[in-house]
Number of protein chains: 2
Amino acid sequence: MAQNLSAGSLKRTSLRDQVLDLVRQSLVSGEIRPGDIYSASALAARLGVSSSPVREAMLTLVNEGLMEPVRNRGYRAVPMSEHDLDEVFSMRLLLEVPGTLWAAERATPEDLAALRAVADEIEAAAGAGDVVAFLDADRRFHAGLLRLCGNRRLVDTVLSLRDQTRLYGLDALARHGTLDASAREHHAMLDAVAAGDTGRLEEAVRHHLRHTRSDWAQPEDDAPSGKR
Amino acid sequence: MAQNLSAGSLKRTSLRDQVLDLVRQSLVSGEIRPGDIYSASALAARLGVSSSPVREAMLTLVNEGLMEPVRNRGYRAVPMSEHDLDEVFSMRLLLEVPGTLWAAERATPEDLAALRAVADEIEAAAGAGDVVAFLDADRRFHAGLLRLCGNRRLVDTVLSLRDQTRLYGLDALARHGTLDASAREHHAMLDAVAAGDTGRLEEAVRHHLRHTRSDWAQPEDDAPSGKR
DNA sequence: CGGACTCGGAATGCATGCATCTTAACGGCC
DNA sequence: GGCCGTTAAGATGCATGCATTCCGAGTCCG
């Protein structure tokens with residue numbers, strides 16, 4: 001709360017951060033497709049800014065594993081293989097399960113109430129089929145819940161892992177219509193937290209993550225193995 | 001092995017990476033002290049390069065959590081509080097224990113032999129009191145062992161966490177003379193891997209990490225609380 | 001007709017320059 | 001003597017320009 005006041009109010013966003021968010025959104029919306037190469041100078045020209053902040057934003061994305069530099073061609077949006085998804089899923093399992101359990105120990109009624117509101121948002125977005133709003137609220141929910149564990153690095157790492165996967169299954173999520181089922185799981189998790197039932201909470205988190213993993217399994221595979 | 005061949009051979013290091021490594025080394029050697037502010041332009045002048053690559057290297061360090069930008073003053077080497085150390089320690093526990101167990105399942109005799117050699121290096125460095133060589137070999141050992149688990153993201157994350165802590169306890173390690181004890185634990189871990197004793201391996205890893213955490217507990221505190 | 005070579009276009013990476021902003025020291029005023 | 005306003009120095013952040021390097025199309029030769 002106080003953090004929002006001190007950090008978010010008078011922070012003029014640098015061009016670098018604006019470009020960074022914009023590229024991230026482009027990844028989410030599918031405008032930037034995995035495997036394609038994009039040049040910093042071309043992006044800069046399209047955005048009407050210099051190549052310096054664009055370059056720095058791309059380097060940040062490289063550090064986060066979302067892009068990779070190609071020698072003198074540009075930056076390539078890294079496609080996620082099944083093995084990559086397994087890696088992310090495994091790490092999220094290792095971090096989110098204990099993190100959520102720790103968070104449950106420290107959650108106050110006020111925290112739970114705030115999360116209930118976000119969970120309602122998630123269900124509303126799922127009911128409306130608004131995938132963008134769903135992902136945004138879902139991210140805020142898990143970030144808000146995990147943050148209670150008190151380990152900032154853990155939260156940041158999990159969010160970074162989330163950002164690596166959320167980008168590649170958007171349409172699949174919408175097609176399968178599994179948003180509603182996934183949305184309801186959030187309230188179930190909060191119920192377990194409120195009840196102090198750590199066993200049920202752990203199973204809920206595991207189930208939620210498994211859900212995520214199986215839903216985002218890529219149905220199509222236009223790049224056969226061996227192509228690198 | 002093959003990775004080294006493909007990656008390290010014909011890679012001309014960019015100025016950015018050179019600066020990055022140099023600043024990291026300066027952090028390890030203590031030339032850059034936590035809490036102090038350093039300007040990219042001053043560093044660029046000292047190194048005889050432009051501020052562009054220095055700036056980009058600093059931004060990378062910011063992303064890694066080693067530095068933080070100060071509005072129009074420069075970049076500050078972030079000091080590690082006890083809570084920060086706890087955060088890193090907790091995450092390493094969550095990631096390294098399962099990761100090492102997975103690695104043990106996949107370790108081949110050749111892998112073990114290579115790691116034995118590194119473990120010998122560690123003991124030699126510990127016996128000679130060469131802290132820099134110790135840390136380097138120690139890092140290679142844990143990276144090499146963890147890498148066998150097959151989860152590249154997990155390895156990278158753990159190494160990043162390592163880099164956040166290794167910088168702040170150098171002299172303490174040397175003073176307490178605990179290098180030898182820590183060095184011997186590596187062979188014990190390999191013994192457990194070779195024996196297929198997962199329970200003993202898990203306990204060895206936990207013990208090793210606890211060792212690390214307690215050794216690096218800051219004995220001195222020249223910045224009393226409330227100073228900021 | 002197929003393959004190798006050359007040349008042009010383009011992108012990165014770095015250097016340089018400038019506008020804006022913050023901090024800190026200095027001088028004046030109460 | 002202490003406090004406040006002013007000013008100047010320095011840093012970031014962005015724009016611009018240039019050298020180097022790589023990919024690919026076109027062309028020439030076998």
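Protein chains get the first letters and strands the later ones, always in sequence-line order, with residue 1 at the start of each. In what follows, every heavy atom counts, from backbone to side chain, and hydrogens, waters and symmetry copies are set aside. Note that the structure is predicted; figures quoted are calculated from it, not measured.
At C:dC14, none of the side-chain N or O atoms of B:S52 fall inside 4.0 Å of OP1 or OP2 (strictly under the cut-off). Side-chain nitrogen and oxygen atoms of B:Y38 include none within less than 4.0 Å of the OP1 or OP2 phosphate oxygen of D:dG10. OP1 or OP2 of D:dC14 has not a single side-chain nitrogen or oxygen of A:S50 nearer than 4.0 Å.
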task: Would you check, one step at a time, whether the test salt bridge (charged side-chain N to carboxylate O under 4.0 Å, His left out) holds for A:D111 with A:R106?
output: CA-CA 9 Å; A:D111 295 327; A:R106 309 186 178 195; over 6 Å; no
Q.
I'd like to know whether A:R140 forms a salt bridge (charged side-chain N to carboxylate O under 4.0 Å, His left out) with A:D136, so could you lay out the CA-CA distance, the side-chain angles of the two residues, the decisive distance to 0.1 Å, and finally the verdict.
A. CA-CA 6 Å; A:R140 278 186 288 121; A:D136 180 62; 3.3 Å; yes
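Distance, A:L43 CG to C:dA10 C1': 15 Å, rounded to whole Å. Rounded to a whole Å, the CD1 atom of B:I37 is 9 Å from the P atom of C:dT23. Across the protein-nucleic acid pair, B:E56 atom CD and D:dT12 atom P stand 14 Å apart, rounded to whole Å. Atom CG of B:L15 and atom C1' of D:dT20 are 13 Å apart (whole Å). Atom CG in A:L47 sits roughly 13 Å away from atom P in D:dC14 (whole-Å rounding).
Toward the 5′ end of DNA chain D lies the nearest nucleotide of A:V49, the other residue of the pair A:N72 and A:V49 mapping further downstream. Residue order along DNA chain D, read from the 5' end via each residue's closest nucleotide, puts B:A42 first among B:S51 and B:A42.
Which of D:dT12, C:dC14, D:dC14 sits closest to the side chain of A:R16 comes down to D:dC14. Ranking D:dA15, D:dC14, C:dT12 by closeness to the A:R55 side chain, first place goes to C:dT12. Nearest nucleotide to the side chain of A:S14, out of D:dG13, C:dA15, C:dA11: D:dG13. Residue B:S41 has its side chain nearest to D:dT12 when only D:dT21, C:dG13, D:dT12 are considered. For A:R71, counting side-chain heavy atoms from C-beta on, the closest listed nucleotide (D:dC22, D:dA15, D:dA11) is D:dC22.
Looking at A:L145 and A:H142, their side chains never come closer than 4.5 Å, going by heavy atoms from C-beta outward. You'll find the side chain of B:M67 reaches within 4.5 Å of the side chain of B:V23, heavy atoms only.
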Distances under 3.5 Å between protein N/O atoms and the N/O atoms of nucleotides 24-26 of chain C, please, pair by pair.
none

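Across all strands, A:V70 comes closer than 4.0 Å to no nucleic acid atom at all (heavy-atom distances).
B:P53 approaches B:S50 most closely through the heavy-atom pair CD-O, 3.4 Å.
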